[in-house]
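Data first, discussion second: the structure below is written as structure tokens.
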There are 2 protein chains.
Amino acid sequence: MYSEAMSTPERLIESTRELLWERGYVGTSPKAILERADAGQGSMYHHFKGKPDLALAAIRRTAEQMRATATAVLDGPGTPYERIEAYLRRERDVLRGCPVGRLTMDPDVIASAELRAPVDETLDWLRGRIAGIVEEGKTQGQFAATLDAGEIAAAVVATVQGGYVLARASGSPAAFDAGIRGLLSLLAPRSS
Amino acid sequence: MYSEAMSTPERLIESTRELLWERGYVGTSPKAILERADAGQGSMYHHFKGKPDLALAAIRRTAEQMRATATAVLDGPGTPYERIEAYLRRERDVLRGCPVGRLTMDPDVIASAELRAPVDETLDWLRGRIAGIVEEGKTQGQFAATLDAGEIAAAVVATVQGGYVLARASGSPAAFDAGIRGLLSLLAPRSS
DNA sequence: GTCTATATACCGATAGAC
DNA sequence: GTCTATCGGTATATAGAC
């Protein structure tokens, strides 16, 4: 199922990452993880304390990867507006949803301070990063000085997260794209 | 747990509605439903075919209620902008999330055309209703004629749904409010 | 309509052999 | 490090008495 060079703990983490994305924490059983990782029960409890411990490792890695992906786009070339646009239009597997954001709907994740922390930190970091770009745009006069950078950043991230909801409800990425286009049309600098 | 005047099927539907909101479909067991409804297993399987059938009744009722709540605000007084603002600023139990939208993160709901249908229809109806108001605003000159009403509506609904994600991640409604304010600041008619 | 009994499978974890 | 055995508990549903 994975590269033969991959160690057992690695395979466990990777299969957990996939299942958390597809089915969430509550919907993911150790049995399903072990089958996908082609590992035995003994291996899992040797390398990890249990389901929460393994999930924590998986969530941390997913969060880290999301930051890297976002950084690559947000630190790209272009004006502040263009960089935010690049982030919003970035290629996504829309119907799968956000591997980080979806965890907020998981009662057991929200109930655990440890499991929630990486989710919170990642979305918080993203908002801050985008707010900084909005601030740049204000300085350059591309965005109205009256805008609150933190609020715009929250709206940007929320539109993406909510876009996944609309897309999954309708079974099509179209609603996600529509929301993104709508936000961009509101955010667009005056054609001056 | 509920009014004594409430019939057993009613109590079952209500307790299912609560649990679907709190824990989602995958995280809700018949046992938990029965305990909360103070009913026996025989009752549940007498009145409903099983968990999916009961969940469908619960989801339909929740969807219906969400439309009624949204209608009350969107059909209120004021300009198009003011009615959309009223919808966005409406009082919400933010940290509980959206009882309809959260179901889109439930793999078993998305996998079932029957369970997904009321979710899809409700969010689709909401987008259409808001798009109509944006269209009104365009006619009245309150919104720029270049805006696409359907896209703005998608952005509005997505911001709400995504706002729940940000709020639940951070454990505070502040992020939800920030996103709403950000969107409203972009949508606000020119002060002319 | 509601109850209890029963059934098969899975959940999440531990123990101890190899 | 990995395996199999075992555990008490739950998930979802059926059967049949009352």
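As the structure is a prediction and not an experimental result, all values here were calculated from the model.
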Just verifying a value: how many Å separate [X] [atom1] and [Y] [atom2], rounded to the nearest 0.5 Å?
X: B:W21; Y: B:L103; atom1: CH2; atom2: CG; answer: 11.5 Å
X: A:M44; Y: A:S15; atom1: CE; atom2: OG; answer: 9.5 Å
X: B:R168; Y: A:R116; atom1: CZ; atom2: CZ; answer: 10.0 Å

Can you pull out how bent the helix from C:dG1-D:dC18 to C:dC18-D:dG1 is, comparing the axes over its first five and last five pairs, to 10°?
0°
Could you tell me which non-hydrogen atom of B:A167 sits nearest to which non-hydrogen atom of B:P173, and how far apart they are?
CB-CA, 4.1 Å
SB check B:R89 B:D177 (cutoff 4.0 Å)
no
Residues A:E14 and A:R61 bridged, charged N to O under 4.0 Å
yes
Strand-adjacent residues in residues 41-54 of chain A, judged by heavy atoms under 4.0 Å from DNA chain D
A:G42, A:S43, A:H46, A:H47
Find out if a path of hydrophobic residues (ILVMFWY) with successive side-chain heavy-atom gaps under 4.5 Å connects A:V26 to A:L20.
no
Member of B:V73, B:T79, B:V134 meeting the side-chain contact (heavy atoms from CB on, under 4.5 Å) criterion with B:I84:
B:V134
So, B:D106 side chain and B:V109 main chain: donor-acceptor pair closer than 3.5 Å or not?
no
Nucleotides bounding contact with chain B, strand DNA chain D, heavy-atom threshold 4.0 Å:
D:dT10 to D:dT14
Would you say the side chains of B:R92 and B:Y164 form a donor-acceptor pair under 3.5 Å?
yes
